[in-house]
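Order of the sequence lines fixes the chain letters, A, B, ..., with proteins taken first and strands second; residue numbering starts at 1 for each chain.
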Amino acid sequence: MKWLSYQKARLLLRQCAHHSFLRPGKELHAVLTTSGLKKAPNSYLSNSLFQFYAASGDMCTAQKLFDEIPLSEKDNVDWTTLLSSFSRYGFLVDSMKLFVEMRRKRIEIDDVSVVCLFGVCAKLEDLGFGVQGHGVAVKMGFLTCVKVCNALMDVYGKCGFVSEVKRIFEALDEKSVVSWTVVLDTVVKWDGLERGREVFDEMPERNVVTWTVMVAGYLGAGFTDEALDLLAEMVFKCRWVHVYALKKAMMMGEEVNYDTVMVGTALVDMYAKCGNIDSSMKVFRLMHKRNVVTWNAMFSGLAMHGKGRMVIDMFSEMVREVKPDDLTFTAVLNLLGRAGRIEEAENLMREMHVPPNEVVLGSLLGSCSVHGKLETAERIKRELVQMSPGNTEYQVLMSNMYAAEGRNDIVDRLRGRMRNRGIRKTPGMSSIHANGSVHRFSSGDRSHPRTKEIYSKLNEVIERIRSAGYVPDVAGLVSPCEGDLENKEQALCCHSEKLAVCFGLLETKPRTPLHVFKNLRICKDCHAAMKIVSKVYDREIIIRDRNRFHQFKDGSCSCSDYW
DNA sequence: TTAGGGTTAG
């Protein structure tokens with residue numbers, strides 16, 4: 001076997017390890033053993049082999065293969081590979097023992113093995129070992145290596161030694177994104193969110209992990225709105241990453257492997273979730289090879305944008321290419337539901353080989369509400385409440401449905417019961433990104449510094465769209481004073497998404513698209529209003545609500561009013 | 001004389 005073939009065998013083993021292809025990996029192992037190729041010196045095959053077993057969760061075989069490597073061939077990389085495998089798969093004590101053994105046997109310790117050791121210390125939050133390792137690293141001159149310092153900072157950070165983290169960080173002359181992110185993580189955890197935010201704002205460069213640390217920090221402390229705002233900002237700021245990825249996708253085709261399919265699929269999904277269904281479709285069509293995940297991403301993207309007709313049209317093409325799975329099923333079901341084919345959807349759901357989950361039931365309930373199917377809705381709601389008693393949205397949806405049917409007696413009873421149990425509607429919040437910062441509004445919000453301008457803009461907007469045919473839809477609302485039309489209309493007019501859009505109209509240049517994020521679903525009235533605003537003001541308005549994107553343009557919405 | 005081992009979050 002030629003040298004190149006060893007490389008190929010190693011590549012295959014790595015793929016098998018990465019994607020958990022157990023059978024093929026083991027078969028390859030057998031071939032290599034029986035053909036005697038495994039014994040070839042300097043092939044690094046044994047290393048790839050035991051790495052494969054470690055990644056498959058079979059640490060025993062991995063260790064056995066490691067032990068079988070002849071001493072003359074076992075180098076420090078083999079030792080470090082085992083060390084990192086122990087660490088990665090949670091055998092932390094074994095990992096520690098191995099490092100001690102390495103020192104005893106005078107195996108060469110290099111920067112990589114020290115990084116691995118610090119990884120273990122960090123996971124164990126073992127300061128004692130960390131300090132010892134720190135000493136070794138200093139003596140051997142490893143503290144000039146950024147990665148060593150990052151790993152060491154993480155040890156101190158996990159153990160709460162914030163000042164030591166900062167000291168090492170300051171001493172570092174070339175700080176990487178990871179260095180900054182470790183500091184950020186430490187500060188958020190021990191110095192609090194505000195200090196963390198300062199570090200975050202100071203950072204010269206950020207990656208996905210950085211954003212995640214900050215968002216997770218907000219979420220963990222219960223600052224849901226700040227987390228939401230930051231997410232919105234992240235989507236906005238990271239857009240260039242998508243452009244780069246698209247270029248990569250364009251080059252696909254010469255050699256199609258699992259990874260390029262996944263890159264493409266991630267793109268299809270990303271573009272759809274960012275409100276750009278056209279780019280999503282473009283990438284999908286560009287891909288030379290697709291798998292069932294790609295198709296599902298495309299379908300749920302289309303569903304999210306209300307393009308159900310397209311899914312149905314494309315379905316036969318899909319069946320020819322790949323075998324649909326349960327996720328495809330969910331996506332198609334969702335469509336049927338939106339299109340008002342509730343009975344078909346429910347039958348399909350009941351025949352599924354897996355019991356319906358909350359997502360499926362929730363989407364069906366949503367469909368019932370759009371199409372006024374009260375009895376089915378009641379039945380499904382009961383199942384949902386059993387699944388997650390804490391979720392208030394289903395109750396609110398039901399009471400709105402009864403309100404729409406004019407059954408105010410039932411609505412009052414339901415709302416009274418909800419109040420008694422302490423169930424309150426989650427307040428609706430909308431964020432808009434304008435001129436580099438995020439602005440958040442709640443319904444009837446008057447806390448914004450430019451609140452006066454915003455409300456006078458709101459009056460202007462309402463007037464202009466009224467003369468273009470907008471009629472406030474008060475059917476789904478019950479105001480405190482029965483039959484008080486004016487009150488109802490006022491409540492509708494200052495919904496958070498309307499305020500956000502008015503601010504956007506004030507703050508951005510004509511014809512700039514407006515991007516709004518909302519934590520709940522957009523209401524019917526706002527939906528109708530936005531359509532007219534987009535026409536009257538010649539603005540594209542993209543609202544991401546809890547379920548989907550609504551792209552309002554020239555008087556209509558991309559969701560085709562499946563709402 | 002190259003190839004195999006590494007850091008941050010969830």
Separation of A/W211 atom CH2 from B/dG10 atom P, in whole Å?
17 Å
Nearest whole Å is fine: how far is B/dG4 C1' from A/I69 CD1?
10 Å
May I ask you to decide if A/L83's main-chain N or O and A/S87's side chain share a donor-acceptor pair within less than 3.5 Å?
no
Do the ring centers of A/F99 and A/W79 come within less than 6.0 Å of each other?
no
Tell me which residues in [range] put a heavy atom below 4.0 Å from DNA chain B, sorted by number, or none.
range: residues 198-207 of chain A; value: none
range: residues 181-192 of chain A; value: A/T181, A/V182, A/D185
range: residues 152-176 of chain A; value: A/D154, A/K158
range: residues 78-85 of chain A; value: A/D78, A/T80, A/T81, A/S84
range: residues 118-136 of chain A; value: none

By salt bridge (Lys or Arg N to Asp or Glu O under 4.0 Å), A/D191 pairs with (sequence neighbours left out) A/K166
Check ring-ring contact (aromatic ring centres under 6.0 Å, His included) between A/F118 and all other residues, then give those that pass, not counting sequence neighbours.
none
So, are A/R167 and A/E164 salt-bridged, with charged N and O less than 4.0 Å apart?
yes
Taking 4.0 angstrom as the limit, do A/E125 and A/K158 come out as a salt bridge?
no
Please give me the minimum heavy-atom distance between A/S176 and A/V146, naming the atom from each residue.
OG-CG1, 3.9 Å
Pairs in or reaching into residues 103-124 of chain A: which pass salt bridge (charged side-chain N to carboxylate O under 4.0 Å, His left out), with residues at least two apart or in two chains?
A/E101-A/K105
For [X], all residues meeting side chain to side chain donor-acceptor pair (under 3.5 Å), sequence neighbours excluded:
X: A/D78; answer: A/N47
X: A/T80; answer: none
X: A/S280; answer: none
X: A/T186; answer: none

Tell me if the side-chain of A/N47 makes a donor-acceptor pair with the base of B/dG5, cut-off 3.5 Å, by modelled atom types.
no
